[in-house]
Engineer: 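I am attaching a structure below and will ask some questions about it afterwards.
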Amino acid sequence: MIYFIGAGPGDVELITVKGQRLLKQADVVIFAGSLVWDKHLQICKKDCLKFDSASMTLEEVMDTIKQHQSEKTIIVRLHTGDPTLYSAIREQIGILDKLNLQYEIIPGVSSFTASCAAINREFTVPAVSQTVIITRIEGRTPVPEDEDLELLAAHKCSMAIFLSVQEIDRVIEKLKRGYQRGDVPVAVVYKASWPDQKIIKGTLNTIAEKVKTEKIDRFAQILVGDFIEGDFERSQLYHPEFSHGYRKGNS
Ligand code: SAH
C-alpha cells in the first residue's frame with residue numbers, strides 16, 4: 001500500500017496520529033527533503049529505506065515506488081503541510097491509477113492554518129470575512145488568468161498566499177489594486193511552527209520593505225485581510241440569544 005502523508009508545517013507533533021503510525025511502520029519513505037524535518041524521519045524503523053525526493057524527478061519517484069511496492073510493503077510518500085495543496089501529487093496519483101496500484105491520502109496541517117494559528121487569529125470572523133482565498137502568484141508555474149491576485153483581492157476577504165514571498169513587490173502591487181486600499185493588514189509568517197519561525201506584521205503599504213529587511217525570500221505565508229487587525233462582531237454560535245441544534249437561546 002502507498003500512503004501520501006501530510007507531515008504538517010514543521011513541528012513534528014503536528015502530523016496526524018494516523019500519519020505518524022504509518023510513518024513508524026513504513027518500509028520505504030520518499031520525503032520532500034526541502035521542507036520536511038529530519039525529526040520526522042527519526043521515528044522510522046531502523047531498516048526503513050529513505051529517499052529524498054528533492055533531487056529526484058517524478059519518473060525517479062515513481063520508479064522507486066514501483067521497484068519497492070508489494071502486498072507486504074508500506075510505502076510512505078511524505079509531503080509537507082497538507083498533501084492536497086501545492087504538493088504535485090496529482091501526477092503521482094495519475095500514474096498509480098494507470099498501474100492499478102492502491103494508495104490513500106492522509107491529510108495534514110497545512111502551513112496556511114499553522115501560520116494563522118501562529119499569529120493567534122481566525123481567518124473567518126463575522127462582519128469581516130467568511131471566506132479564505134488560498135492562492136499564489138504566477139512564477140515559473142502559471143496561474144489561470146481568472147485567478148490573478150488582483151481579481152482575487154477584489155473580493156476583499158481573507159487571503160493566504162503560498163509560494164510568493166520572493167515576489168513580494170509584485171504581490172503587493174496586485175493586492176493594492178484589488179483591495180483598493182493600502183492599509184489592509186498583512187502578516188508574513190516564515191517557517192510557521194519551526195524553532196526559527198518569524199512573524200512580520202504590517203500593511204500593504206509597509207510590509208514589502210520589512211520582508212526585504214528581514215531577507216525573507218522563501219518558506220513563508222503571506223496572510224492578508226482585516227481578520228488580522230481591527231473590529232469584528234462576536235459569533236452567533238456562543239451568543240446567549242442564539243438557538244441551534246445543541247443549545248436553546250434565551251430569546
Ligand atoms: N502542502 C504544503 C505547501 C507546499 S508548497 C502546505 O499545505 O503547507 C510550499 C510553500 O508552502 C512554501 O513556499 C510556503 O509558501 C508554504 N510553507 C510551507 N511550509 C511552511 C511553513 N512552515 N511556514 C510558512 N509557510 C510554509
Side-chain angles (χ1 to χ4, degrees), residues 3-16 18-19 23 29-41 52-54 56 58 61 76-93 104-121 123 132-143 147 149 152 158-172 174-175 186-202 207-208 210-212 214-225 228:
Y3 296 94
F4 291 87
I5 297 179
D11 180 345
V12 72
E13 292 189 317
L14 289 178
I15 190 170
T16 62
K18 189 169 187 177
L23 195 56
V29 176
I30 307 169
F31 60 99
S34 55
L35 272 171
V36 170
W37 221 3
D38 287 350
K39 280 199 179 171
H40 286 104
L41 303 172
D52 182 353
S53 63
M56 294 162 86
L58 169 65
V61 168
V76 166
R77 179 74 176 102
L78 194 62
H79 284 276
T80 173
D82 183 285
T84 69
L85 291 166
Y86 307 110
S87 293
I89 65 169
R90 182 63 192 269
E91 55 263 44
Q92 301 175 59
I93 288 167
E104 189 180 332
I105 303 172
I106 317 288
V109 175
S110 176
S111 60
F112 87 95
T113 50
S115 296
C116 194
I119 62 163
N120 296 327
R121 284 295 181 268
F123 280 118
V132 190
I133 291 180
I134 294 163
T135 189
R136 62 169 299 170
I137 199 163
E138 72 285 352
R140 282 190 294 176
T141 303
V143 169
E147 296 174 21
L149 265 183
L152 297 180
S158 307
M159 295 183 86
I161 307 174
F162 287 68
L163 294 157
S164 302
V165 76
Q166 70 289 351
E167 296 264 18
I168 191 75
D169 285 327
R170 230 159 41 86
V171 169
I172 296 300
K174 284 176 183 268
L175 292 178
V186 184
V188 170
V189 184
Y190 169 76
K191 287 181 102 175
S193 86
W194 290 63
D196 51 346
Q197 166 184 296
K198 265 189 207 163
I199 295 171
I200 298 162
K201 284 189 173 178
I207 200 77
K210 294 186 184 184
V211 163
K212 283 187 248 171
E214 293 286 337
K215 297 194 167 57
I216 292 173
D217 61 0
R218 65 184 74 186
F219 304 144
Q221 281 283 340
I222 307 170
L223 308 182
V224 191
I228 299 174

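Just follow the structure's listing: the first ligand is 1, and inside any ligand the first atom is 1.
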Engineer: First locate atom OG of Ser53, then atom CG of Leu78, and finally report the distance between them rounded to the nearest 0.5 Å.
Structural biologist: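 It comes to 9.0 Å.
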Engineer: Just need the protein heavy atom nearest to atom 21 (C) of ligand 1, so name the residue and atom and give the distance.
Structural biologist: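 Here the nearest protein heavy atom works out to Ala192 N, 3.4 Å.
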Engineer: Is atom NZ of Lys39 surrounded by more than 12 heavy atoms (other residues, nucleotides or ligands) closer than 6.0 Å?
Structural biologist: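 No, NZ of Lys39 has 12 or fewer neighbouring heavy atoms, counting only those of other groups under 6.0 Å.
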Engineer: Find all atoms of ligand 1 within a distance of less than 4.0 Å from any non-hydrogen atom belonging to Ser87, and give their numbers and elements.
Structural biologist: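 Those of ligand 1 that fall under 4.0 Å from Ser87 are 1 (N).
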Engineer: Between the candidates Ile222, Leu163, Leu223, which shows the shortest non-hydrogen contact distance to atom 10 (C) of ligand 1?
Structural biologist: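 Going through Ile222, Leu163, Leu223 one by one, Leu163 has the nearest heavy atom to atom 10 (C) of ligand 1.
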Engineer: Minimum heavy-atom separation for Ala208 and Ile172, please, with both atom names.
Structural biologist: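 Closest heavy-atom pair between Ala208 and Ile172: CB-CG1, 4.4 Å.
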Engineer: Look up atom CD in Gln221 and atom CD1 in Ile199, then write down how far apart they are to the nearest 0.5 Å.
Structural biologist: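 Nearest 0.5 Å value for the CD-CD1 distance: 12.5 Å.
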Engineer: Pick, from Thr80, Val188, Asp11, Val189, the option with the minimum heavy-atom distance to atom 2 (C) of ligand 1.
Structural biologist: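 Going through Thr80, Val188, Asp11, Val189 one by one, Thr80 has the nearest heavy atom to atom 2 (C) of ligand 1.
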Engineer: May I ask whether Gly10 places a heavy atom under 4.0 Å from ligand 1?
Structural biologist: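 Under 4.0 Å: no for Gly10.
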Engineer: Any atoms of ligand 1 less than 4.0 Å from a non-hydrogen atom of Leu85? List them with their elements.
Structural biologist: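 Within the 4.0 Å cut-off of Leu85, ligand 1 contributes 1 (N), 2 (C), 3 (C).
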Engineer: Measure the spacing between CG of Asp169 and CD1 of Ile207 and express it to the nearest 0.5 Å.
Structural biologist: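 Between Asp169 CG and Ile207 CD1, I get 12.0 Å after rounding to 0.5 Å.
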Engineer: Of all the non-hydrogen atoms in the protein, which one sits nearest to atom 19 (N) of ligand 1, and at what distance?
Structural biologist: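 Going atom by atom, the protein heavy atom closest to atom 19 (N) of ligand 1 ends up being Ser111 CB, 3.5 Å.
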Engineer: If you measure from CD on Gln92 to CD1 on Ile30, what distance do you get to the nearest 0.5 Å?
Structural biologist: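 Those atoms lie 8.0 Å apart.
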Engineer: Which residue owns the protein heavy atom closest to atom 22 (N) of ligand 1, what's the atom, and how far is it?
Structural biologist: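 Scanning the protein heavy atoms, the shortest distance from atom 22 (N) of ligand 1 goes to Pro9 O, 2.9 Å.
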Engineer: Can you label the angle between the Phe4 ring and the His79 ring as parallel, tilted or perpendicular, going by 30° and 60°?
Structural biologist: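 Ring orientation of Phe4 relative to His79: parallel.
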Engineer: Of all the atoms in ligand 1, which lie at a distance below 4.0 Å from a heavy atom belonging to Phe219?
Structural biologist: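 Those of ligand 1 that fall under 4.0 Å from Phe219 are 23 (N), 24 (C), 25 (N).
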Engineer: Provide, to 0.1 Å, the distance between atom 4 (C) of ligand 1 and the closest protein heavy atom, together with that atom's residue and name.
Structural biologist: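 Ranking protein heavy atoms by distance from atom 4 (C) of ligand 1, first comes Tyr86 O, 3.4 Å.
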Engineer: Could you identify the single nearest non-hydrogen protein atom to atom 11 (O) of ligand 1 and state the distance to 0.1 Å?
Structural biologist: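 Result for atom 11 (O) of ligand 1: Phe162 CD2, 3.5 Å.
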Engineer: Calculate, to the nearest 0.5 Å, the distance between atoms CD1 and CG belonging to Ile134 and Leu152 respectively.
Structural biologist: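 Between atom CD1 of Ile134 and atom CG of Leu152 there are 11.5 Å.
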Engineer: For ligand 1, does Ser164 get within less than 4.0 Å through its side chain, its backbone, both, or neither, judged by non-hydrogen atoms?
Structural biologist: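 Neither; no heavy atom under 4.0 Å.
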Engineer: Indicate the atoms forming the closest heavy-atom contact of Gln197 with Lys191, along with that distance.
Structural biologist: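 Answer, listing the atom of Gln197 first, then Lys191: CB-O, 3.2 Å.
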Engineer: Mind checking whether Lys191 contacts ligand 1 via backbone (N, CA, C, O), side chain (CB onward), both or neither, at a 4.0 Å heavy-atom cut-off?
Structural biologist: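 It is the backbone that touches ligand 1; the side chain stays farther off.
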Engineer: Could you check whether Glu167 pairs with Arg136 (Lys NZ or Arg NE/NH1/NH2 to Asp/Glu carboxylate O, under 4.0 Å)?
Structural biologist: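 The answer is no: the pair does not qualify as a salt bridge.
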Engineer: I want to know if ligand 1 touches Asp82 in the polar sense, i.e. an N/O pair below 3.5 angstrom.
Structural biologist: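 N/O-N/O distance under 3.5 Å: yes.
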Engineer: Tell me the contacting part of Phe112 for ligand 1: side chain, backbone, both, or neither, using a 4.0 Å heavy-atom threshold, strictly below.
Structural biologist: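 Neither; no heavy atom under 4.0 Å.
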Engineer: Starting from atom 15 (O) of ligand 1, find the nearest protein heavy-atom neighbour and note its residue, name and distance.
Structural biologist: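 Answer for atom 15 (O) of ligand 1: Ala220 O, 2.7 Å.
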Engineer: Nearest 0.5 Å please: distance from the OG1 atom of Thr135 over to the OH atom of Tyr86.
Structural biologist: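 Reported to 0.5 Å precision, the distance equals 4.5 Å.
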Engineer: Which atoms of ligand 1 are found less than 4.0 Å from any heavy atom of Trp194?
Structural biologist: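 Counting from 1, the qualifying ligand atoms are 22 (N).
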